[in-house]
Amino acid sequence: MSAFHADIGFEFGIPDIVHGRAMSIHAGELLGWFDVAERDLPWRADGVTPWQILVSEFMLQQTPVARVLPIWSDWVARWPTPSATAAATPAEVLRAWGKLGYPRRAKRLHECATVIARDFADVVPDDVETLEQLPGIGSYTARAVACFAYRKPVPVVDTNVRRVVARAVHGLADAAAPSAKRDHADVGALLALLPKAAQAARFSAALMELGATVCTARTPRCAACPLRACAWRDRGFPPGSTVRRPAQRYAGTDRQVRGRLLDVLRDNVLPVTKAELDVAWPVDPVQRERALASLLDDGLVERLADDRFVLPGQDRNDSTASR
DNA sequence: GAACCGTGGCG
DNA sequence: TCGCCAAGGTT
């Protein structure tokens, strides 16, 4: 722990009913570690706006930091504000998103920009309640924006926080499956014990960072952990349940087919024919049609009057022929 | 609560 | 190799 934080006496604790003790996470230890171990991520730099932080949170949903870095930098340079984003077409947004995954996130980000530009004078709201009403923003993202963009002392519960609390506080290898009910309880417990000072927001960031870089899911680096107290270690690192949920396959799923179809549309500036889409998934026409129908339904693809296909809002004129 | 929604890297 | 996992949200 650094000298700067040595006098911080507050602790973050959650009553452990099962084991009849109240383990806690020492804020001073955690913050002292964060002072030296914090990653130098571009969306944490001075001068980054709340909107740009919001963009990073959209991109980081279910997506590793390393893959977000280059996309985010190009994105915020091109569209630095909500109104600039809203002025782009969905097609442009989907191309910039590229293969970051879950293209619905890109579409929701565009919708979110539109609402903020139109209804909030181009200013990202700073309170959780309002943020949660925006497209693509749920409990986590709302709290992350309030905390990281506006330094509000609100708990942020993500997969990292769930895992750190499960281990250090409850002595379990893994967190229970995410649930709105449990998360609400966690938020309540966190809020009651969150540091009240300006350090509160930083504490939330540090807790997430610990889960992301030290208390990781697969091979935790316990030797590098700053926490002196850990219920999981005290119990001898008991393994998690061997009964895992069914593996989330990808190969052969509708999601893969959707990905292939969107790939074709992203790569073609001109409208594509049905035949050009068909070759992207030739083996199973039934699945291909189902995937295409769902993309149309999601507003991620548009069918033109001549039965060719484009990304939504894409210029449908053949630029090679003024004819 | 469960299912669904992309993609790629790592152990 | 291949299952697991990554700063979730919506239906």
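These numbers come from the heavy atoms of this one structure, side chains and all, not from hydrogens, waters or symmetry mates. Chain A is the first sequence line, chain B the second, and so forth, proteins listed ahead of strands; every chain is numbered from 1.
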Novice: Does A:Glu29 pair with A:Arg228 as a salt bridge, N-O distance under 4.0 Å?
Specialist: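 Between A:Arg228 and A:Glu29 there is no salt bridge, as every charged N stays at least 4.0 Å from the carboxylate O atoms.
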
Novice: Step by step, would you call A:Arg260 with A:Asp263 a salt bridge (Lys or Arg N to Asp or Glu O under 4.0 Å)?
Specialist: CA-CA 5 Å; A:Arg260 293 286 176 82; A:Asp263 237 355; 5.7 Å; no

Novice: Pick the nucleotide of DNA chain B nearest each of A:Pro178 and A:Thr219; which residue has the one closer to the 5' end?
Specialist: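 So the residue in question is A:Pro178.
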
Novice: Take the protein atom CD of A:Gln133 and the nucleotide atom P of C:dG9, then report the distance between them rounded to whole Å.
Specialist: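 Whole-Å distance recorded here is 13 Å.
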
Novice: Look at the side chain of A:Ser73 and the backbone N and O of A:Pro70, then say whether any donor-acceptor pair between them is shorter than 3.5 Å.
Specialist: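 Flag not set: sc A:Ser73 to bb A:Pro70 has no pair under 3.5 Å.
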
Novice: Quick test of your reading of the model: are A:Asp284 and A:Arg288 salt-bridged, counting only N-O distances below 4.0 Å?
Specialist: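 The answer is no: the pair does not qualify as a salt bridge.
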
Novice: Is there a donor N/O on one and an acceptor N/O on the other, under 3.5 Å, for the side chain of A:Arg162 and the base of C:dA6?
Specialist: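 No, the side chain and the base share no sub-3.5 Å donor-acceptor pair.
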
Novice: Does A:Gln62 make a side-chain N or O approach to OP1 or OP2 of C:dG8 shorter than 4.0 Å?
Specialist: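 It does, given that an N or O in the side chain of A:Gln62 lies less than 4.0 Å from OP1 or OP2 of C:dG8.
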
Novice: Quickly, which of A:Leu300, A:Asp298, A:Leu292 forms a side-chain contact (heavy atoms from CB on, under 4.5 Å) with A:Leu296? Name it, please.
Specialist: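 When side-chain contact (heavy atoms from CB on, under 4.5 Å) is applied between A:Leu296 and each of A:Leu300, A:Asp298, A:Leu292, only A:Leu292 qualifies.
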
Novice: Would you tell me if any nitrogen or oxygen in the side chain of A:Tyr140 comes within less than 4.0 Å of OP1 or OP2 on C:dG8?
Specialist: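 Negative; the distance criterion is not met.
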
Novice: Taking atom P in both B:dA3 and C:dC4, what distance in whole Å separates the two?
Specialist: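 Their P atoms lie roughly 16 Å apart.
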
Novice: Answer yes or no: does a side-chain N or O of A:Thr253 lie under 4.0 Å from OP1 or OP2 of B:dC5?
Specialist: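 Answer no for this pair, as no side-chain N or O of A:Thr253 is under 4.0 Å from OP1 or OP2.
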
Novice: What is the separation between atom CD on A:Gln61 and atom P on B:dC5, rounded to the nearest whole Å?
Specialist: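 Whole-Å distance recorded here is 17 Å.
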
Novice: With sugar-phosphate meaning primed atoms plus P, OP1 and OP2, does A:Gly138 contact a base, only sugar-phosphate, or nothing at under 4.0 Å between heavy atoms?
Specialist: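 Counting heavy atoms under 4.0 Å across all strands, the contact made by A:Gly138 is with sugar-phosphate only.
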
Novice: Between A:Asn160 and A:Gly136, which is nearer to the 5' end of DNA chain C once each is assigned its nearest nucleotide?
Specialist: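 Result of the comparison: A:Asn160.
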
Novice: If you find the nucleotide of DNA chain B closest to A:Arg260 and the one closest to A:Ser179, which residue's nucleotide is nearer the 5' end?
Specialist: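 Its nearest nucleotide lies further toward 5', so the answer is A:Ser179.
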
Novice: I'd like the C1' distance from B:dG11 over to C:dA7, given in whole Å.
Specialist: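 22 Å, rounded to whole Å.
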
Novice: From CD1 of A:Ile71 over to P of C:dA6, roughly how many Å is that when rounded to an integer?
Specialist: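 Going from A:Ile71 (CD1) to C:dA6 (P), I get 21 Å.
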
Novice: Applying a 4.0 Å non-hydrogen cut-off, can you work out what A:Leu100 is touching in the nucleic acid: base, sugar-phosphate, or nothing?
Specialist: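 Counting heavy atoms under 4.0 Å across all strands, the contact made by A:Leu100 includes a base.
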
Novice: Would you say the side chain of A:Arg67 and the base of B:dT7 hold a donor-acceptor pair, judged only by whether the two atoms sit under 3.5 Å apart?
Specialist: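 Indeed, a donor on one side and an acceptor on the other fall under 3.5 Å apart.
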
Novice: For a quick check of understanding: with a heavy-atom distance under 4.0 Å over all strands, which category does A:Arg44 fall into, base, sugar-phosphate or nothing?
Specialist: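 It contacts base atoms.
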
Novice: Categorize A:Ala144 for me: base, sugar-phosphate, or nothing, with a 4.0 angstrom heavy-atom threshold over every strand shown.
Specialist: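 No contact.
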
Novice: How far, in whole Å, is B:dG6 from C:dT11 if one measures between their P atoms?
Specialist: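 Approximately 14 Å lies between the P atom of C:dT11 and that of B:dG6.
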
Novice: When we call it a touch if two heavy atoms are under 4.0 Å apart, what does A:Thr159 touch: a base, just sugar-phosphate, or nothing?
Specialist: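 Counting heavy atoms under 4.0 Å across all strands, the contact made by A:Thr159 is with sugar-phosphate only.
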
Novice: Contact class for A:Trp97 vs. all strands (heavy atom < 4.0 Å): base, sugar-phosphate, or nothing?
Specialist: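 Here A:Trp97 touches no strand at all.
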
Novice: Contact class for A:Pro103 (heavy atom, under 4.0 Å): base, sugar-phosphate, or nothing?
Specialist: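 If one applies the 4.0 Å heavy-atom cut-off, A:Pro103 turns out to touch the sugar-phosphate alone, with no base involved.
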
Novice: Send over the distance from A:Gln287 CD to B:dC4 C1', rounded to a whole Å.
Specialist: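 Atom-to-atom, A:Gln287 to B:dC4, this comes out as 14 Å.
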
Novice: Using a heavy-atom cut-off of under 4.0 Å over every strand shown, decide if A:Ser294 touches base, sugar-phosphate, or nothing.
Specialist: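 Nothing, no heavy atom under 4.0 Å.
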
Novice: State plainly whether the residues A:Arg290 and A:Asp297 are in salt-bridge range, i.e. N to O under 4.0 Å.
Specialist: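 No, no charged N to carboxylate O under 4.0 Å.
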
Novice: Classify A:Arg266 by what it touches in the nucleic acid, base, sugar-phosphate, or nothing, heavy-atom distance under 4.0 Å.
Specialist: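 Answer is sugar-phosphate: A:Arg266 comes under 4.0 Å of backbone atoms only.
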
Novice: Heavy atoms only, 4.0 Å cut-off, all strands: where does A:Arg258 land among base, sugar-phosphate and nothing?
Specialist: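 Sugar-phosphate only.
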
Novice: Pick the nucleotide of DNA chain C nearest each of A:Pro135 and A:Leu41; which residue has the one closer to the 5' end?
Specialist: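 Nearer the 5' end of the strand: A:Leu41.
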
Novice: Could one point to a donor on the side chain of A:Arg218 or the base of B:dC10 with an acceptor on the other under 3.5 Å away?
Specialist: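 Between B:dC10 and A:Arg218, which were checked side chain against base, a qualifying N/O pair under 3.5 Å is present.
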
Novice: Tell me which one of A:Gln256, A:Glu289, A:Gln287 satisfies side-chain hydrogen bond (donor to acceptor under 3.5 Å, both in side chains) with A:Trp281.
Specialist: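 Of A:Gln256, A:Glu289, A:Gln287, side-chain hydrogen bond (donor to acceptor under 3.5 Å, both in side chains) with A:Trp281 is met by A:Gln287 alone.
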
Novice: At under 4.0 Å between heavy atoms, what does A:Asp298 touch on the DNA or RNA strands: base, sugar-phosphate, or nothing?
Specialist: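 Here A:Asp298 touches no strand at all.
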
